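Since the structure comes first, as structure tokens, the remarks are kept for the end.
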There are 2 protein chains.
Amino acid sequence: MSTDADTTPQRIIEAAGEIFAAKGFEAATVREICTRAEANIAAVNYHFGDKQRLYIEAVKRAHHGRELLFPMPEWGPEVTAETKLADFILTLLKRMTSPDSGWEGELMSREIARPTEACAELARESIRPHFAVLNEILAELIPAADQLERHLTAFSIVGQCLHYKFADPVIRQLVSAEEYEGYHVELLAQHITDFSLRSLRARADNHKPPARR
Amino acid sequence: MSTDADTTPQRIIEAAGEIFAAKGFEAATVREICTRAEANIAAVNYHFGDKQRLYIEAVKRAHHGRELLFPMPEWGPEVTAETKLADFILTLLKRMTSPDSGWEGELMSREIARPTEACAELARESIRPHFAVLNEILAELIPAADQLERHLTAFSIVGQCLHYKFADPVIRQLVSAEEYEGYHVELLAQHITDFSLRSLRARADNHKPPARR
DNA sequence: CTTGATTTCAAACAACTGTTTGATACAATC
DNA sequence: GATTGTATCAAACAGTTGTTTGAAATCAAG
């Protein structure tokens, strides 16, 4: 029995991911999941215990799949911090809004928006290391900043990326169809990198926030 | 019969807002709503038709309340574009994450994250004018930018603000309790304004995006 | 007070939920 | 071939859901 065989639990976890992502935990029914997985209704409880356990497994699999598909690059010592930041943004964006992603990104964002108590821990463990990586990059780019400013800056960068996932249905209504059509990952990553690097360079030069009013 | 009287539909719409915000549309039950509103179970169907219509009314009321509580300031001709941007960011942040907000912000963000087909129109109509205002401000700040760049820049700014609403439970896990305690609206607005204005000024000076790699 | 419409209420409704059951089929082991 | 443990299945389970019903209560005129 190979690990990626077309076994019943595998088919269920796959169908569960799609339907949980499309409808959320409450609205998704195990009947629909089992129908799509071509399995019996009792299969969910037999193989996973209950609906919630299946949900957790689906989320885990989703995250694992994203991590495998779009891994954070390992940078050598010669790579500049600016390039690292560009890579970081591109990778994050790819994970969030990959055109052929399917349901995984949707599921992850839904989970972040309303974290199940059982999954909060997973989200924490998977997000925290990325947050640490970004903070190390920022420590190189704006060494004069203290931890608070580094954190807020990290949130500014991550926020720009996640926005295209969270607010996607709204964005679709705000710009023309042709313009939205052109929103490829590379374009968005380029813009966010440019926008952020301009700010970071100015911050590094000035050693002070700009005067206001 | 005064408009803000303690009438049954009013009590129901209020309880509905709280519970929809806390649990989402599917998980919220009309029984719980009616119990909290101290109304009979049949009251929802009698006064609103069905559960979905009640949900729409609750979202409408939520948005109306936020708009009244934190109105966009009307700027005179002497106000600089930088000040307008600072005001815009502060207002947006206040609406998203006001400490005494109660349920309205939660309900709005939930609606943005997964818009009900019936509410998409409302979200569109309420967000589009704000998006237009921000674009006018950006047209003043980076006149050399074309529409695409203005739009992406607008999303960069809005994304930074909304992040503190959407990702709040995650943010809480990433920074220490004391640091999170200090995340007041004014501090966040100040940072986002600084971060963005630095970038916009550099863009206005350079007339070109910065070179990369 | 009487009338007539509006609002409230307890009870029941039909439909659907996640879950359990016990029988059945299947494979491997002795 | 009998036995054992696993997997699948149709059927039923108990509970909850949104909604409906028809009678009682309430209220505003005539």
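Any value given below was found using the heavy atoms of this structure, including those in side chains, with hydrogens, waters and symmetry copies removed. Just so it is clear, the model here is predicted, and its values are computed rather than measured. Letters A, B, ... are given to chains in the order of the sequence lines, protein chains preceding strands, and every chain is numbered from 1.
The CG-C1' distance, from A:N40 to C:dC26, rounds to 16 Å in whole Å. One interatomic measurement links the two molecules: CD of A:Q10 to C1' of D:dA7, which rounds to 16 Å at whole-angstrom precision. The CG atom of A:D50 sits 17 Å away from the C1' atom of D:dC13 (whole-angstrom rounding). Between the OH atom of B:Y46 and the C1' atom of D:dT26 there is a distance of 11 Å, given to the nearest Å. One can place CD of A:E38 at 10 Å from P of D:dC9, the figure rounded to the nearest angstrom. Atom-to-atom, CD1 of B:I12 to C1' of C:dC9 comes out at 13 Å; the value is rounded to the nearest Å. The interatomic distance linking B:K51 (NZ) with D:dT16 (C1') rounds to 12 Å, in whole Å. A:N45 has its CG atom 15 Å from the P atom of D:dA7, to the nearest Å.
Each of B:G49 and A:A43 has a nearest nucleotide on DNA chain D; the 5'-most of these lies closest to A:A43. With the nearest nucleotide of DNA chain C identified for both B:I41 and B:T8, B:T8 has the one nearer the 5' end.
Neither side chain, A:Y183 nor A:D168, offers a donor N or O lying under 3.5 Å from an acceptor on the other. No side-chain N or O of B:H47 forms a donor-acceptor pair with one of B:R53 less than 3.5 Å apart. Side-chain atoms of A:R95 and A:H130 form a donor-acceptor pair, as typed in the model, at a separation below 3.5 Å.
In this structure, B:T153 and A:H191 have side chains that are in contact, with non-hydrogen atoms separated by less than 4.5 Å. Side chains of B:T8 and B:N40 form no contact here, defined as non-hydrogen atoms less than 4.5 Å apart.
When the side-chain nitrogen and oxygen atoms of A:H47 are compared with OP1 and OP2 of D:dT8, one or more of them lie within a distance under 4.0 Å.
Under the 4.0 Å criterion applied to side-chain N and carboxylate O atoms, A:R203 and A:E149 are assigned as salt-bridge partners.
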Map every base of DNA chain D to its dot-bracket character, where paired means a Watson-Crick or G-U wobble contact with both distances under 3.5 Å and | marks a partner outside the strand. |.|||||||||||||||||||||||||.||

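Between B:Y164 and A:F155, the ring planes are perpendicular. Angles over 60° get that label, and only those under 30° would be called parallel.
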